[in-house]
Colleague: 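The structure under discussion is supplied below as structure tokens; questions concerning it will follow.
Atoms considered below: every heavy atom in the structure, side chains included; atoms not considered: hydrogens, waters and symmetry mates.
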Protein chains: 2
Amino acid sequence: MNIGDVSSRSGLPAKTIRYYEDIGLIKPLRSANGYRSFVAADLHRLAFLGRARALGFTIEDCRTLMALYRDESRASADVKHLAQEHLSKIEGKIRDLQTMHDTLSELVKCCAGDDRPDCPILRDLSGISAALS
Amino acid sequence: MNIGDVSSRSGLPAKTIRYYEDIGLIKPLRSANGYRSFVAADLHRLAFLGRARALGFTIEDCRTLMALYRDESRASADVKHLAQEHLSKIEGKIRDLQTMHDTLSELVKCCAGDDRPDCPILRDLSGISAALS
DNA sequence: ATGAAGGTTCCAGTCAGGGGAGGGTCAAGG
DNA sequence: CCTTGACCCTCCCCTGACTGGAACCTTCAT
């Protein structure tokens, strides 16, 4: 299989697949003409990577996860621990975004949004302490 | 005021302040010795930037917001529109993260997390269609 | 023989800064 | 007068996870 086939089957851009080879996540063979030659195992690894990335794991996490996957004597606790760490990072990001969202949507709600210049969003950004309302 | 004072007053790292000058967001004067010399207006702009960044606006958004702030004849609709676009990007990110969170926490819940190798997280990543449970 | 559609490598750019080298400046103390 | 330490300066490389593009090679169909 050439990279184009693998790309359409895995859903990953060819650029991404080359990048994954660059950083050592996959090691496809080469044909005589220099083209990468993928076998089923490569496709499987790429699909694994695609799913792990879709869950937001970093590349380094993916490397660890693949190592655990190949290690038949792994402890599921190790996998679970990694996933939980990642989960709490996700939760942190959601909290941060939610805070931004709440503040900003409040400001947006207060803004008339017409052709007059007065704007509570800019007022807030400029640091008027928005006091005593 | 030197950059150190401005840094501690604005809460922004000196590196960030220099970077903001680099990309043209502020233009502090220089003393004879080459040091940046900040006046109150610079501090105000930096505080504005800090708050806008804390709300997740990109640097380019900040540039636009500052231009709107300085334009006395702006329409609040323009500000509101920018804020709403940003808000919907935030909402998209929250949705994405929430989806990851839900999937991953379900997998984590199903993982024994002991010293045995069997692990539903890895099983899912490896593409077992997880069917008929 | 030619043209299109694939493949290859390598370089540069993204975003918003962070880290550190190598060096100049300033105020206080000995 | 000299030194010490705390500032400040510029410059360059690094981050993550790719993406875009240039310049070039291979394969296949016409």
Side-chain angles (χ1 to χ4, degrees), chain A residues 1-39 42 45-46 48-66 85-86 89-90 92-93 96-97 100, chain B residues 1-39 42 45-46 48-66 85-86 89-90 92-93 96-97 100:
Chain A
M1 258 187 302
N2 282 350
I3 201 168
D5 304 318
V6 177
S7 172
S8 51
R9 289 199 206 196
S10 67
L12 296 172
K15 278 269 184 188
T16 298
I17 296 171
R18 292 196 192 98
Y19 173 65
Y20 287 171
E21 183 186 12
D22 246 32
I23 62 175
L25 286 176
I26 53 169
K27 302 192 199 314
L29 298 173
R30 297 291 177 134
S31 306
N33 58 13
Y35 288 15
R36 288 170 185 81
S37 175
F38 299 84
V39 296
D42 296 317
R45 290 170 75 86
L46 286 168
F48 185 105
L49 288 167
R51 276 183 291 263
R53 293 285 303 128
L55 287 178
F57 285 105
T58 66
I59 292 285
E60 283 317 300
D61 284 346
C62 291
R63 212 185 285 280
T64 306
L65 285 168
M66 296 207 11
E85 295 240 308
H86 179 43
K89 278 179 202 156
I90 290 177
K93 283 186 191 172
D96 291 351
L97 285 170
M100 289 180 193
Chain B
M1 258 186 300
N2 283 350
I3 201 168
D5 305 316
V6 177
S7 173
S8 52
R9 288 197 205 200
S10 68
L12 297 171
K15 276 274 184 186
T16 299
I17 297 171
R18 292 195 193 99
Y19 174 65
Y20 287 173
E21 182 186 13
D22 245 32
I23 63 176
L25 286 176
I26 53 169
K27 301 192 200 313
L29 298 173
R30 295 291 177 134
S31 307
N33 58 14
Y35 288 15
R36 287 169 186 82
S37 174
F38 298 85
V39 296
D42 297 317
R45 288 170 77 86
L46 286 168
F48 185 105
L49 288 167
R51 277 183 290 263
R53 292 288 298 128
L55 286 178
F57 285 105
T58 66
I59 291 285
E60 284 317 301
D61 284 346
C62 290
R63 211 185 287 279
T64 306
L65 285 168
M66 297 209 7
E85 295 240 307
H86 178 43
K89 279 179 202 156
I90 290 176
K93 284 187 190 172
D96 291 351
L97 286 169
M100 289 179 192

Colleague: If you look at every heavy atom in Ile17(B) and Leu12(B), which pair is closest and at what distance?
Modeller: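 Answer, listing the atom of Ile17(B) first, then Leu12(B): CD1-O, 3.8 Å.
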Colleague: Would you kindly give the NE2-to-P distance between His86(A) and dG16(D), to the nearest whole Å?
Modeller: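 In whole Å, dG16(D) P and His86(A) NE2 are 15 Å from each other.
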Colleague: Please find the pair of heavy atoms, one from Arg45(B) and one from Leu25(B), that lie closest to each other, and give the distance.
Modeller: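 Scanning both residues completely, I find the closest heavy atoms to be NH2-O, 3.1 Å.
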Colleague: What is the distance, to the nearest angstrom, from the CE atom on Met1(B) to the P atom on dC7(D)?
Modeller: 16 Å
Colleague: Under 4.0 Å from any atom of DNA chain C, heavy atoms only: list the residues of residues 8-31 of chain A that qualify, in numerical order.
Modeller: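 DNA chain C contact set from residues 8-31 of chain A: Lys15(A), Arg18(A), Arg30(A).
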Colleague: Which sits closer to the 5' end of DNA chain C, Asn2(A) or Thr58(B), going by the nucleotide each is nearest to?
Modeller: Asn2(A)
Colleague: Check Ile3(A) against Phe38(A) and note the closest heavy-atom contact, atom names and distance.
Modeller: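 Looking at all heavy atoms of both residues, the closest pair is CA-CE1, 3.6 Å.
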Colleague: Of all nucleotides in DNA chain C that come within under 4.0 Å of a heavy atom of chain B, which is furthest toward the 5' end and which toward the 3' end?
Modeller: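 Both ends considered, the range comes out as dA16(C) to dC26(C).
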Colleague: Is the closest basic N to carboxylate O distance between Arg18(B) and Glu21(B) below 4.0 Å?
Modeller: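 Salt bridge flag = no for Glu21(B) with Arg18(B).
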Colleague: Can you tell me if Asn33(A) uses its side chain to pair, donor with acceptor, with the backbone of Tyr35(A) under 3.5 Å?
Modeller: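 Confirmed, Asn33(A) side chain pairs with Tyr35(A) backbone.
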Colleague: Look at the side chain of Ser10(A) and the backbone N and O of Val6(A), then say whether any donor-acceptor pair between them is shorter than 3.5 Å.
Modeller: yes
Colleague: Evaluate Thr58(A) against Arg63(A) for side chain to side chain contact (heavy atoms under 4.5 Å, CB included), listing each step before the verdict.
Modeller: CA-CA 9 Å; Thr58(A) 66; Arg63(A) 212 185 285 280; over 6 Å; no
Colleague: Does His86(A) reach the main-chain N or O of Asp61(A) with its side chain, forming a donor-acceptor pair under 3.5 Å?
Modeller: no
